Amino acid sequence: MIEFKIIKSSKKSKARLGILKTENGEIKTPSLVPVATQAVVKTLTSEEVLETKTQVLICNTFHLHLRAVSNLHKFMNWPKPLMSDSGGFQVFCLGFGQDHNVGKILKSKGNKTISHGQQPKSLKITDRGVFFKSPIDGRQLFLGPKESIRRQEALGADIIFTFDECTSSLADKEYTEKSLEKTHNWAEQCLQLKKTKQALYGIVQGGKYEDLRQKSAKTIGSMDFDGFGIGGEFGDDKRKLGKTLAIVNNELPYQKPRHLLGIGYPEDIKLIVAQGIDTFDCTVPTHYARRGIAFTPEGRLNLNQMKYSKDKKPIDRDCRCSVCKNYSRNYITHLLRAKEITALRLLTFHNLYYFNTLVEKIREDIENDKL
RNA sequence: UCCGGUGUAGCUCAAUGGUAGAGCAAUUCGCUGUUAACGAAGAGGUUGCAGGUUCGAGUCCUGCCACCGGAG
């Protein structure tokens, strides 16, 4: 059960300022949703995550399915709102994504394409669902709309998602179109199957094809979901992302919350908010932290680099997080070079705080008619 | 002083007398609903020094130097 209130709609853009109420508290939107795939923000405790201004986390049904986890809030000691992703992204990243060694956003041109009828090497996609091979023990494991919803009900997140197929950026139009029919069909089934009061978001797909995006948004948008996820790839440049979101959001019911799945870098956030996105999850702050990258107003700092080993400044002079207050760049560089895991903890903490502060400023910008 | 051993990339070590390699480190790059404290690439050499044997020497021979161990 959620309630979404739009407090203010921008006159300068399609941005909205809102409050998303759940049984576990409110989310001021727009909001970042940090990723806690395995019921943990990697390297941090839930108490530490609370200190990063994080309002809500997203866990993953596929990974937690493997571990037979349930009752997430209690399990991970997270008192605030939670989302759970359906496992649909794993259909891509453990399938064609792995086969072709590509992310969901295509960087290089001239690759092979995926056409209708093709199957990934290590999983099988059928009309009923997907056969996976467990990365833990190789055991075969099936996830379809029913299995995903049942698992997500057991996990008990406040907001859950329909089981979808996130298509590869290499998928051709026919493949994407057929996949979309399946995703729509699964969405309908998820809606029928859900028995709990959890909010269910339907996921819009369609890849880089604008007509398919519009069709998907119309279809999913007309179903009785509590909110909407927008998934898949959006082409390889930011203008395309903005345009796709414009097309999709134009079709979705205005009053319901919209979640953009798996975007973005700091430079993406203003753009997606200006297109009317209310929440968005992204691994970037936490993932890059574990690669030694700190985000700052000047851009990304690669603290692995020797040049920071004598730099006594904090990561970001203007950041008020406890890492920037107490530690210097050269300390973190030292920890990274010494392979001390605390480096990853400090960077994860800072990056989350930094991203959340960035989004907080964006909310203020909407409030003050600057965005 | 004598005897023995070892000297090859920054480090640890490979290389039947036939184009000197690997791992780690260092450097640079990549990462957008996390199989990810990951992955990729380039760079790095007068093989301790000086001679000799040989078509050809990291490898065999001689001398020297350095380090390690043992004896005194």
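What you see is a predicted model, and the numbers here were worked out from it, not measured in a lab. Every chain is numbered from 1, with letters handed out A, B, ... down the list of sequences.
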Indicate whether OP1 or OP2 belonging to A36(B) is found under 4.0 Å from a side-chain N or O atom of Q90(A).
-> no

Inter-nucleotide P distance (U46(B), C24(B)), Å rounded = 24 Å

P atom, U12(B) versus A25(B): distance in rounded Å?
-> 15 Å

Under 4.0 angstrom, heavy atoms only, what part of the nucleic acid is T286(A) near: base, sugar-phosphate, or nothing?
-> base

For G232(A), answer base if it contacts any base atom (sugar-phosphate contacts may also be present), sugar-phosphate if it contacts only those atoms, and nothing otherwise; contact means non-hydrogen atoms under 4.0 Å.
-> base

So, S309(A) versus H334(A): side-chain donor-acceptor pair below 3.5 Å or not?
-> no

Nearest-angstrom distance from the residue atom CD1 of I293(A) to C1' of A36(B) = 14 Å

Roughly, in whole Å, what's the span from NE2 in H287(A) to C1' in A37(B)?
-> 11 Å

Can you tell me if the side-chain N/O atoms of Q38(A) get under 4.0 Å from OP1 or OP2 in U34(B)?
-> no

Side-chain contact check for R291(A): nearest option of G30(B), U34(B), U32(B) is G30(B)

Winner on side-chain proximity to K339(A), out of U34(B), C29(B), A25(B), is A25(B)

Base, sugar-phosphate, or nothing: which does Q205(A) touch, judged by heavy atoms less than 4.0 Å apart?
-> base

Considering only atom P, compute the distance from A22(B) to A15(B) and round it to an integer number of Å.
-> 15 Å

Ranking A37(B), U32(B), A26(B) by distance to the side chain of M306(A), first place goes to A26(B)

So does K307(A) reach the base of U27(B) with its side chain, donor to acceptor, closer than 3.5 Å?
-> no

Please list every stem that involves RNA chain B, where a stem is a run of 3 or more consecutive Watson-Crick or G-U wobble pairs with both pairing distances under 3.5 Å.
-> B:1-7 with B:65-71, B:10-13 with B:21-24, B:27-30 with B:38-41, B:48-52 with B:60-64

Choosing from C31(B), U34(B), U32(B), which nucleotide comes nearest the side chain of Y288(A)?
-> C31(B)

Pick base, sugar-phosphate or nothing for V284(A), based on heavy-atom distances below 4.0 Å to the nucleic acid.
-> sugar-phosphate

Check the pair D281(A), I263(A) against side-chain contact (heavy atoms from CB on, under 4.5 Å), reporting the backbone distance first and the verdict last.
-> CA-CA 6 Å; D281(A) 67 283; I263(A) 299 285; over 6 Å; no

Under 4.0 Å between any heavy atoms, over every strand shown, what does D85(A) touch: base, sugar-phosphate, or nothing? Just pick one.
-> base

NZ/NE/NH1/NH2 to OD/OE distance under 4.0 Å, K195(A) and E153(A) = no

Looking at every strand, decide which applies to H63(A) at a 4.0 Å heavy-atom threshold: base, sugar-phosphate, or nothing.
-> sugar-phosphate

G23(B) to A40(B) separation - P atoms, rounded to the nearest Å | 11 Å

What distance, rounded to whole Å, do you find between the two P atoms, one in G42(B) and one in U47(B)?
-> 24 Å

Rounded off to whole Å, could you give me the CG-to-C1' distance for the N304(A) and G30(B) pair?
-> 13 Å

Between P of C38(B) and CG of L344(A), the distance in whole Å = 9 Å

N302(A) CG to A37(B) C1', straight-line distance once rounded to whole Å | 14 Å

Between N60(A) and U34(B), does any side-chain N or O lie under 4.0 Å from OP1 or OP2?
-> yes

Once you round it to whole Å, what is the distance between C1' of A26(B) and OH of Y308(A)?
-> 17 Å

Let me know the distance between CG of L260(A) and P of U32(B), rounded to the nearest Å.
-> 14 Å

Regarding the side chain of R300(A), the nearest nucleotide among A37(B), U28(B), C31(B) is C31(B)

Between C49(B) and A66(B), how far is it from one C1' atom to the other, in whole Å?
-> 10 Å

Report yes or no: do N24(A) and D158(A) form a side-chain donor-acceptor pair below 3.5 Å?
-> yes

Which of these nucleotides, U28(B), U32(B), U34(B), is closest to any side-chain atom of Q305(A)?
-> U28(B)

Are the charged groups of D365(A) and K12(A) less than 4.0 angstrom apart, N to O?
-> no

C1' atoms of U59(B) and A14(B), separation to the nearest Å | 13 Å

Quickly work out the L303(A) CG to C29(B) P distance and round it to whole Å.
-> 13 Å

Rounded to whole angstrom, note down the C1' distance from A43(B) over to C29(B).
-> 14 Å

Aromatic ring proximity, centroids under 6.0 angstrom, F132(A) and F142(A) = no

Think K208(A) forms a cation-pi with F234(A), using NZ or CZ under 6.0 Å from the six-ring centre and within 45 degrees of its axis?
-> no

Give me the ring orientation class for F295(A) and F355(A): parallel if the planes are under 30° apart, tilted from 30 to 60°, perpendicular past 60°.
-> perpendicular

Considering only U27(B), U34(B), G30(B), which nucleotide approaches the side chain of R337(A) most closely?
-> U27(B)

N-O pairing of K28(A) and D278(A) below 4.0 Å | no

Across all chains, not counting sequence neighbours, the side-chain hydrogen bond (donor to acceptor under 3.5 Å, both in side chains) partners of Y175(A) are E165(A)

